[in-house]
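Because the structure is predicted, anything quoted here is derived from the model rather than measured.
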Amino acid sequence: MARPEVGALVAAVAIFLLFFAIAEPFRTTAALSTVLYASSTIGIVAVGVALLMIGGEFDLSTGVAVTTASLASTMISFQLSLNAWVGVIVSLLIALGIGFVNGYLRMRTGIPSFLVTLSTFFMLAGINLGVTKLVTGTVATPNPSELDGFASAEAVFASDIPLGFMTVNISVLWWIVFMLVATWILLRTRVGNWIFAVGGNADSARAVGVPVRKTKIGLFMGVAFTTWFLGQHQLFELKVVQSGVGVGNEFIYIIAAVVGGCLLTGGYGSVIGAALGAFIFGMTTQGIVYAGWDPNWFKTFLGAMLLLAVLVNLYVKNYASTRR
């Protein structure tokens with residue numbers, strides 16, 4: 001009961017059993033592959049968002065930052081006729097730069113991360129549309145699949161992996177890797193202790209020698225890395241990037257983390273829980289379709305899950321405190 005991911009685990013089991021019982025297509029391995037893929041496109045960024053929220057901060061620019069990473073990668077390579085890997089590397093530097101600026105401004109000015117990253121959200125949304133229209137003349141990028149290096153980059157970011165009983169996109173495997181690495185950092189390293197400390201009480205953490213500024217800036221850059229990775233996946237999976245997409249996805253990443261046990265106040269949470277939160281959304285988005293329900297109810301589900309998760313998380317934290 002003291003584990004932050006308990007609520008998400010119970011909800012995941014309940015939702016799985018619900019759709020397994022009422023939607024026959026949901027019972028197939030092909031459906032499982034689709035659910036896992038949908039979950040990974042949320043879960044990759046939710047890993048970074050969960051760490052950041054445990055550290056006591058928010059990032060509202062993640063949705064459009066994914067699109068920024070995709071656009072930067074493809075336009076740099078295509079417009080300059082460069083190897084696709086050049087765009088991949090340069091877009092990584094751009095993404096990390098955005099994360100650094102978010103973290104630096106948050107720590108330097110003391111402005112809440114909500115406002116700092118909300119400003120970044122609007123700027124990136126405008127840059128995505130404006131620069132794409134200026135460079136390409138449209139709101140979408142050209143297909144870069146003929147570029148040198150595209151095939152190898154596609155294999156890394158967007159290939160299909162046969163497992164014998166089913167085929168999954170490599171994004172699912174990367175999601176699991178990121179989740180395991182982040183969990184190890186959080187629970188088995190000094191940096192993980194710092195993350196919990198700065199999220200629980202930054203002043204107390206600073207008083208005992210925790211590098212609060214470096215830790216929080218590093219967390220923002222960690223989120224930026226996950227947005228870059230998902231952006232590369234979307235580029236090499238879809239081939240064409242629409243410059244206006246991504247708006248609103250930042251809330252889904254945050255909700256996945258909250259459903260997984262991360263408190264909005266920081267200092268408490270679980271990366272595994274965030275992965276379970278992403279899996280819940282993956283099951284729901286696909287399960288609604290398989291069950292033949294009206295997909296317009298999905299956002300109602302998001303709101304209900306967020307409220308329920310906050311209540312469960314507070315209950316679990318209070319229970320754990322009284323047990324001590």
Please answer whether the main-chain N or O of [Y] pairs with a side-chain N or O of [X] as donor and acceptor at a distance below 3.5 Å.
X    : Y    : result
S33  : T29  : no
R108 : G103 : no
E250 : G248 : yes
T74  : L71  : no
T41  : A38  : yes
S81  : S77  : no

Step by step, would you call W85 with S152 a side chain to side chain donor-acceptor pair (under 3.5 Å)?
-> CA-CA 9 Å; W85 281 103; S152 59; 2.7 Å; yes
Minimum heavy-atom separation for [X] to [Y], with atom names?
X    : Y    : result
T141 : V240 : O-CG1, 3.2 Å
I42  : A256 : CG2-CB, 4.2 Å
I170 : A158 : CG2-N, 3.6 Å

Can you tell me if [X] and [Y] form a side-chain donor-acceptor pair at under 3.5 Å?
X    : Y    : result
N201 : D203 : no
N102 : T117 : no
S91  : W228 : yes
S40  : S171 : yes

Do Y290 and F19 pass the ring pair (Phe, Tyr, Trp, His ring centres under 6.0 Å) test, and can you show the C-alpha distance, the side-chain angles, and the key distance before you say yes or no?
-> CA-CA 8 Å; Y290 292 138; F19 286 119; 8.7 Å; no
Ion pair present between K239 and E154, side-chain N to carboxylate O less than 4.0 angstrom?
->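 Between E154 and K239 there is a salt bridge, with a charged N closer than 4.0 Å to a carboxylate O.
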Give the ring-plane orientation class for F16 versus F20, where under 30° counts as parallel, over 60° as perpendicular and anything between as tilted.
-> parallel
Parallel, tilted or perpendicular, as decided by the 30° and 60° cut-offs, for the rings of F178 and W174 = tilted
Approximate separation, where rounding is to 0.5 Å, of S70 OG and L230 CG | 7.0 Å
Apply the test side chain to side chain donor-acceptor pair (under 3.5 Å) to residues N128 and T68: give CA-CA distance (whole Å), side-chain angles for both, the deciding distance (0.1 Å), then the verdict.
-> CA-CA 6 Å; N128 290 348; T68 300; 2.8 Å; yes
Kindly say whether the aromatic ring centers of Y268 and F196 come within a distance under 6.0 Å.
-> no
